[in-house]
Novice: 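What follows is a structure written as structure tokens; I'll ask about it next.
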Amino acid sequence: MSELVMSLLGYVIDPELLERYGARMLEGLGITIKLVALSYFLGLLLGWMLALGRMSGNKAVQLPCRAYIYFFRGSPLLAQLFLLYYGLGSLRGFWQDVGLWWFFRDAWYCSVLAFTLNTAAYQAEIFRGSLLAIPKGQYEACRALGLSRFTTMVRVVLPQSMLVALGPLGNELILMIKASAIASLVTVYDVMGVARLAFSRSFDFEVYLWAAVLYLIIVEIIRRALKRIEARLSRHVVP
Amino acid sequence: MSVTDALATEQNHGPRADAHGDDRPVVIQIRGMNKWYGSYHALHDIDLDVRQGERIILCGPSGSGKSTLIRCINQLEQIEQGSIHIHGADVTRQDKPAQVALRDVGMVFQHFNLFPHMTVLDNCTLAPMSVKGMSRRQAEESARERLEKVGMAHLTGQFPTQLSGGQQQRVAIARTLCMDPKIILFDEPTAALDPEMVKEVLDVMVRLANTGITMLCVTHEMGFARQMAERVLFLDQGVILEDTPPQDFFAAPRTERARAFLKQIL
Amino acid sequence: MSVTDALATEQNHGPRADAHGDDRPVVIQIRGMNKWYGSYHALHDIDLDVRQGERIILCGPSGSGKSTLIRCINQLEQIEQGSIHIHGADVTRQDKPAQVALRDVGMVFQHFNLFPHMTVLDNCTLAPMSVKGMSRRQAEESARERLEKVGMAHLTGQFPTQLSGGQQQRVAIARTLCMDPKIILFDEPTAALDPEMVKEVLDVMVRLANTGITMLCVTHEMGFARQMAERVLFLDQGVILEDTPPQDFFAAPRTERARAFLKQIL
Amino acid sequence: QDAIRIGIEGAYPPFNAVDAKGQLYGFDVDIANALCAAMKAKCTLVAQDWDGMIPALVARKFDAVVSSMVNTEERSRRVDFTDPYYRTRLAVAVPKDSKIPGVDAKYMKGKTVGAQSSSTQGMYAEDVYGKAGADVRLYPTPDEAGADLIAGRLDAMVHDKFPLLEWLQKNSEGCCKLLGEIPGTEGDTSIALRKGDDALKQRFNQAIKDIRADGTYQKISLKYFGADIY
Amino acid sequence: MLDLLSLLSFGQGGWGNALLLGTLVTIALALTCVPIGLPLGLLVAVGARSKRRLPRAAATVFSTVFRGLPELLTLLLVYYGAQIAIQHLLERMGYAGEFHINAFFAAVVAFSLVLAAFSSEVWLGAFKTIPKGQYEAARSLGLSRRTTFVRIILPQLMRVALPGLSNNWLTLLKDSSLVSTISLVDLMRQTNLAVSATKQPMLFYFVCCLLYLLLSALSGVVFNRAERRFGRHVQGAR
Ligand SMILES: Nc1ncnc2c1ncn2[C@@H]1O[C@H](COP(=O)(O)OP(=O)(O)OP(=O)(O)O)[C@@H](O)[C@H]1O
Ligand SMILES: Nc1ncnc2c1ncn2[C@@H]1O[C@H](COP(=O)(O)OP(=O)(O)OP(=O)(O)O)[C@@H](O)[C@H]1O
Ligand SMILES: [Mg+2]
Ligand SMILES: [Mg+2]
């Protein structure tokens, strides 16, 4: 039985190619996951602060947040990464003076930073939208009960707004996973980066198909996980 | 035991016709209060004394400022002019004494505003635990007691969306009671309810009134007003036009505006 | 000229106590109708004849199937068993004659359901133009006439969100009238309104009733029911428990269930 | 019949580049034009991103690639190559103060070596230096590798001799020096054609001979490199 | 400094024109995708809401595949895959001539598919905000399904969907940089060409960012207008 499966797979997968690039592809997958997980999580924290800043009544807080969000959403991640890594990286003397050269020297750190800054802007807008969706009555009930702003946020507002934010956050995650290919600009090779590399040597479309399958699997996993979380968050919503 | 039955077992203070000019202490004192929304002048020079244990009904046409008035009292709206003292503390100064005084003020909303993602019990224990620092056990115990009072003790594990409107409003009242307020503000608590559910909520409110708590209630339920109010305030265009005992108000409203209003509504 | 004044100038048919067993043609005939929502049996074996020009009130507790009943009549819900004939055409068959028959049935909803992105006039002209193929001029003219009837002719250019609830409901009625229905179904048309606005809508409905149009109305406004109904249907758990003239219903409901219901609501 | 479409990358100066007007220029371009003149064919030059070069050729978007493509075993499985029109070698550049003694793989252990991905130099860096224990970084274009060499993120950079020399001269900001050429990496730079396009291959081979014979080639080579690089 | 600026000039040796042309290609590409991708996305959303299984499954697969596949791959599949497949087919049928998919055309097809997949989710979300009452009111007035959709539902959908669609649009603008792989010279590729010719990466990447920001700002203006247009009725809300 397993022989049959293997021989069938042999039609689809070129064993030689698999031997040469299979392991690297998985390595690339690891890079994708690490890069996205890390920057997505950091972006979440930064995004929250940006969202709150963007909604603040204080102009001195609001305007910089607006500008940040506008810049990082409005320009391509590729160019952002380039300016960060090659642009700031060319100021070697300065970074050595302030003792940060170890950071800017490293392509991985720079990728994580650029991806974090970028996704934070997108997530900030998602959070803002979800916060706006919370009825005013909820805030009023909290105030009338004397709840502190922290309790209001953490216990009442967040759990409800997450339900609204979940879908767009999932989209953003998928987009980030695909965007991680851009890191190959600074020699960080994720799944798609490896696939392009392998293709440029073998000229065999098959490597792209492997990448496609990996992506589809990831996206499907995310979709299902989100469904679960959503079901959990919406226990209180009557069908 | 239904709420209405329970009622009978409690001492009934009954409406006190002699309430005016009495010696109960003033718990809410409003002087020269003015409120604007942008350029819209929502409340004009409001002066009002509320004594401990008083039961006051606010009525008036839509947009007359009833909600605004009671929302100013518990500082959901900031006022631009005048003062509001609760138990002697000026609540418009957002300082520590104001916060403490405001803890004695509970509010029940037209649309309940229960927290939809929490069970009935969690709705009731959140504030006592996080504001008063009660232990979970203590908070749950006292919540169950209050839920019992409104006849909702059997549904503590439900989510608000699984309840009917009347049940939700009763939970909202219990949630407010859990903070042991001395004063409760009601903003049209039955306006969003199906006709059959109105009565179950009014029953709970009548029972509350009989415990001697101070109540300010915006409502269009005139039968209820007649039954439990000590004073009726009639608002129009941000001005308190009448402030009389209910029997006078319903029998012979002094202003033309109030007469027209009653005609529409009864 | 207010609607109420206008009322006086029209011939008032008045409630006909002798309506039962009369010779007016049957316009809606329901036989053995059953409706399930999934496994929930919402309506049980409903039989009902509605004669031309009859004014019928449906009442009953929440969830008893009132809305379901009238929504089945105009096919907003599909029935699983039984038949509904309107002007002799079986409307459960979704064929041409059914469509034509359904055009004679208008409906007014609790939440108005005006099209929020269209002005009052556009709301009223859309259906006549696109269903009946009227020219814009014709449609607007007839719309203005109907809007005049409900006292809304001065606000034709407004968007629904700019109107009060009572005004919106009057526009919704005018919109329905623009299709010249022979039968109008009302589903709690005043339940979502502020107390003061209830009367302006009821006034319009009383006036409509006096034009001899066939009306089926779900409502909790018992004063209104008493004033204009020829028959009151009382539903409970999907069954028509009572079908009597209003004076009998209010004076002496035959079933225990109806008595309990009336006690809650009055 | 006699219209030939030729794909050129346009991002590999001095062999090929695009000017502000979108015109291709450079050694490859001049050679391509000379070859076409020799074949009496009408040629159109198409600028094509490097990654899509061979797929585009296979998919008949153009008929030949004259873009400094080195004949490698992996590539020749997909496309045919003509006779070479120049030969090149790989070379290594290092920062001025570098202590690396030579280009031999054994010196690269533990060093960070950069090269352009999907190129012969990239393959060499991976296959030879990488195996020897170097940390190989692959860049989309040589420009980025150069930028990192200047910034000090790289210890060495592998590149084609000619463009590397040009870069050291013009754009390295004096940071770096040539460590040396790598022996045994002589590559045949040829014109790539679709598999089985033998008639065209014959014509190109003949044309290369022709322009060598009449001196056109030498003139072009001198113009760009001051030497004959055939 | 002046040398740098002269690199951006529109005259001899300046890259101003080239960058502008690249920007135009980017805009043209994105704009052409909109009238194809958005209606297709709407169709997919309608399919996903269908009561029947087949359209529902088809819509889910479509949305998962084209949201999941890397855009580059979709692009290559359409450009090369489709071309090679059709070429084979034609050869089978005995047609010897050459068949070409125009690069621009292929890019439009690929990005329209992607746009459709992403926008279908936005449309779906918007559908959820239309109260059932609107359909019921339309039915009880006897409006046909077509009229109901075109006159009642769509205008209300637009209002709710616009912010989400504006996100899709911005992503599309930036994704289009992938077209360099199939020899279309868009803004990003033009930037790369300029960089490799002039060795001034910082300058050109900076200018490229600015141009994209300008496009974002411009589309922001357009979307604000559209939002106002479709939201007219909410403006006067009390
Ligand atoms: N947040 C606000 N911004 C601007 N105007 C407001 C706001 N809230 C209320 N108003 C206006 O203030 C006036 C008084 O409003 P308020 O809600 O107090 O009336 P109300 O008497 O409670 O009416 P209702 O019976 O409809 O609840 C109204 O004209 C209203 O339009
Ligand atoms: N779409 C639906 N799916 C499932 N159950 C439904 C649906 N619509 C109504 N029901 C159920 O059918 C029963 C009758 O509903 P209906 O809306 O007709 O009641 P009603 O008499 O109009 O009540 P109300 O006074 O609250 O409007 C209720 O128990 C309700 O929960
Ligand atoms: Mg109010
Ligand atoms: Mg109903």
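By convention in this document, chain letters (A, B, ...) are assigned in the order of the sequence lines, proteins followed by strands, and residues within each chain are numbered from 1.
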Novice: So does E:C209 get a backbone contact from the side chain of A:S75, meaning a donor-acceptor N/O pair under 3.5 Å?
Specialist: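 A pair under 3.5 Å: no.
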Novice: Under a 3.5 Å distance rule, please check whether E:K174 uses its side chain to pair with a backbone N or O of A:G74 as donor and acceptor.
Specialist: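 Between the backbone of A:G74 and the side chain of E:K174 there is no qualifying donor-acceptor contact (under 3.5 Å).
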Novice: For the backbone of E:L69 and the side chain of A:K178, can you confirm whether one donor and one acceptor N or O come within less than 3.5 Å of each other?
Specialist: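 Present.
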Novice: Rounded to the nearest 0.5 Å, what separation is found between the CG atom of A:N171 and the CZ atom of E:F118?
Specialist: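 Here the rounded value is 6.0 Å.
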Novice: Counting only heavy atoms closer than 4.5 Å, note whether A:E125 contacts chain E via side chain, backbone, both or neither.
Specialist: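 Neither; nothing under 4.5 Å.
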Novice: Please look at A:R196 and chain E and tell me whether the side chain, the backbone, both or neither of the residue comes under 4.5 angstrom of a heavy atom of that chain.
Specialist: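 Only the side chain of A:R196 comes within 4.5 Å of chain E.
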Novice: Just verifying a value: how many Å separate A:L78 CG and E:Y205 OH, rounded to the nearest 0.5 Å?
Specialist: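 Answer rounded to 0.5 Å: 5.0 Å.
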Novice: At a 4.5 Å cut-off on heavy atoms, which part of E:F204 comes close to chain A: side chain, backbone, both, or neither?
Specialist: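 No part of E:F204 comes within 4.5 Å of chain A.
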Novice: Atom CZ in A:F72, atom CG in E:L213: separation rounded to 0.5 Å?
Specialist: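 One finds 10.0 Å between CZ of A:F72 and CG of E:L213.
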Novice: Counting heavy-atom pairs under 4.5 Å to chain A, which of E:E71, E:M202, E:E121 comes out on top?
Specialist: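 Among the listed options, the one with the most contacts to chain A is E:M202.
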Novice: Taking atom CE of A:M192 and atom CG of E:L72, what is their separation to the nearest 0.5 Å?
Specialist: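 Output value for this atom pair is 4.0 Å.
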Novice: Which bit of A:I217 is near chain E, if near means a heavy-atom gap under 4.5 Å: side chain, backbone, both or neither?
Specialist: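 Neither part.
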Novice: Of the listed residues (A:R223, A:E220, A:R73), which shares the most heavy-atom pairs with chain E below a 4.5 Å separation?
Specialist: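 Most pairs with chain E among the choices: A:R73.
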Novice: If you count the non-hydrogen atoms of other residues, nucleotides and ligands that lie under 6.0 Å from CZ in A:F103, is the total more than 12?
Specialist: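 Counting other residues, nucleotides and ligands, CZ of A:F103 exceeds 12 neighbours.
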Novice: Go through E:L173, E:L76, E:L215, E:L170 and name the one with the most non-hydrogen pairs under 4.5 angstrom from chain A.
Specialist: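 Highest number of pairs under 4.5 Å: E:L76.
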Novice: Hey, is OH on A:Y68 packed in by over 12 heavy atoms from elsewhere, all under 6.0 Å?
Specialist: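 Enclosed: over 12 neighbouring heavy atoms sit under 6.0 Å from OH of A:Y68.
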Novice: If you measure from CG on E:L73 to CG on A:L216, what distance do you get to the nearest 0.5 Å?
Specialist: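 Result: 9.0 Å between the selected atoms.
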Novice: By a 4.5 Å heavy-atom criterion (distance strictly below it), what part of A:Y70 contacts chain E: side chain, backbone, both, or neither?
Specialist: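 Interface part for A:Y70: both.
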Novice: Select, from A:F82, A:Y122, A:F71, A:Y86, the one with the greatest count of heavy-atom pairs under 4.5 Å involving chain E.
Specialist: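 Heavy-atom pair counts peak at A:F82.
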Novice: In Å, rounded to the nearest 0.5 Å, how long is the span from CZ of E:R67 to CD1 of A:I174?
Specialist: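 Going from the CZ atom of E:R67 to the CD1 atom of A:I174 covers 4.5 Å.
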